[in-house]
**Q** 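Okay, handing you the structure first.
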2 protein chains.
Amino acid sequence: MQHADPIAAAYVERWNEATSSSTPGTCPIRHVLDKIGDKWSMLLVMTLASGPRRFNQLHREIPDISQKMLTQTLRDLQRDGLVARQVFDTKPPSVEYRLTTLGQSLIVPFGRLIEWANSSMPGIAAARSHFDAFS
Amino acid sequence: MQHADPIAAAYVERWNEATSSSTPGTCPIRHVLDKIGDKWSMLLVMTLASGPRRFNQLHREIPDISQKMLTQTLRDLQRDGLVARQVFDTKPPSVEYRLTTLGQSLIVPFGRLIEWANSSMPGIAAARSHFDAFS
DNA sequence: CGGAATCCTTGGGGATACTG
DNA sequence: CAGTATCCCCAAGGATTCCG
């Protein structure tokens, strides 16, 4: 073990347990990571984090997503229980999306990662320019 | 704002600042998320978390990665300063990879996410089977 | 308004073979 | 051992059109 940090060491151990106990293809962690890395999921989660939105309202706030991917991503999030969909039977019909409790519980751990990304950016940029210059 | 949780609220706010201040395409957070969601990066990081490895040693521990992707992912990680590469001039040559300090600093925030994934799995699975049954 | 259906392009990534 | 070089395939996702 290389870490003075016991918290990191604990996470590594838990990771090893989790990944070794499941078959390579069906690892449940992978499914979560796929959503994180997926182009739109987390953007939608963080957008909905500040309150419920209607379909076209989301589309206006995120102009560069296609309707197809907006629909698809929302359905996947709903399927996983992170987002709730509520239909109001008005004319014309309106549909509201909001984070579930489960969805809200993702904000903090995800936020830690964003925090890391922001504070590590300078170091990454420096490493990258050094690498590109000398390799 | 929908959150009783002030920590979550703070992360949402920071997210909004970070994403609104950069142009859609070049958002630095996206680059990090791409690495997280990328098929092999985090697997390699977590593998190297328990100690330095040689090239083929990594390949043996992660049999389902291709040499191409192993090389490519390691180079990207090295470029971003997360992994250090050390060449020993022996015969035959041997190359060792290890996490940098920056790379190690990713373990904890990433671990929180894994923790969330593990503890949320039952809820996600339940939501999904419910969704698949009734939709 | 809130989608569904279809077509089409791009690049991530696997398989294989070769090299210092 | 530690890679590099090619070829190839498939699925994620964009653009467009249609519908209740």
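Just so we're clear, the structure is a prediction, and the values are computed from it rather than from any experiment. Chain identifiers are assigned alphabetically (A, B, ...) following the order of the sequence lines, protein sequences preceding nucleic acid strands; residue numbering begins at 1 within each chain.
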**Q** Calculate, to the nearest 0.5 Å, the distance between atoms CG and CG belonging to Leu82(A) and Leu106(A) respectively.
**A** 6.5 Å
**Q** Quickly work out the Leu70(A) CG to dG2(C) C1' distance and round it to whole Å.
**A** 10 Å
**Q** Any N/O pairs under 3.5 Å between the protein and nucleotides 3-5 of chain C? List them or say none.
**A**
from, atom 1, to, atom 2, distance (Å)
dG3(C), OP1, Arg85(A), NH1, 2.1
dG3(C), OP2, Tyr97(A), OH, 2.6

**Q** Nearest whole angstrom, please: distance from the C1' of dG13(D) to the CG of Asp38(A).
**A** 10 Å
**Q** Answer yes or no: is there a donor N or O on one side and an acceptor on the other, between the side chain of Arg53(A) and the main chain of Gly51(A), under 3.5 Å?
**A** yes
**Q** Grab the CG-C1' distance between Leu58(B) and dA2(D) for me, whole Å please.
**A** 12 Å
**Q** What heavy-atom pair brings Arg54(A) and Gln57(A) nearest, and what distance separates the two atoms?
**A** N-OE1, 3.0 Å
**Q** Quick check on dG2(C): is either OP1 or OP2 less than 4.0 Å from any side-chain nitrogen or oxygen of Arg54(A)?
**A** yes
**Q** Report the distance from atom NZ of Lys35(B) to atom P of dG12(C), rounded to the nearest whole Å.
**A** 12 Å
**Q** Evaluate side chain to side chain contact (heavy atoms under 4.5 Å, CB included) for Met69(B) paired with Lys39(B), printing each intermediate quantity in order.
**A** CA-CA 9 Å; Met69(B) 289 317 294; Lys39(B) 199 172 181 181; over 6 Å; no
**Q** When hydrophobic residues are tied together by side-chain contacts of less than 4.5 Å, even through go-betweens, does Leu99(A) share a cluster with Phe88(A)?
**A** no
**Q** Rounded to whole angstroms, how far apart are CD on Glu96(B) and P on dC1(D)?
**A** 15 Å
**Q** Could you give the CG-to-P distance, from Asn56(B) to dT4(D), as a whole number of Å?
**A** 13 Å
**Q** If every non-hydrogen atom of His31(B) is compared with every non-hydrogen atom of Asp80(B), which pair is closest and at what distance?
**A** CE1-OD2, 3.0 Å
**Q** With axes from five pairs an end, tell me the bend angle of the helix from dC1(C)-dG20(D) to dG20(C)-dC1(D), nearest 10°.
**A** 50°
**Q** Rounded to whole Å, please give me the gap between CG in Asp34(B) and P in dG11(C).
**A** 14 Å
**Q** Which nucleotide wins on minimum distance to the side chain of Met69(B), given the candidates dG14(C), dG13(D), dC1(C)?
**A** dG14(C)
**Q** Scan for side chain to side chain donor-acceptor pair (under 3.5 Å) pairs involving residues 67-79 of chain A, sequence neighbours excluded, and state none if there are none.
**A** Arg79(A)-Asp132(B)
**Q** Can you name the closest pair of heavy atoms from Trp116(A) and Leu102(B) and give their distance?
**A** CZ2-O, 3.9 Å
**Q** Round to a whole Å and report the spacing from CD of Gln72(B) to C1' of dA5(D).
**A** 13 Å
**Q** How close do Arg30(A) and Asp38(B) get, heavy atom to heavy atom, and via which atoms?
**A** NH2-O, 3.7 Å
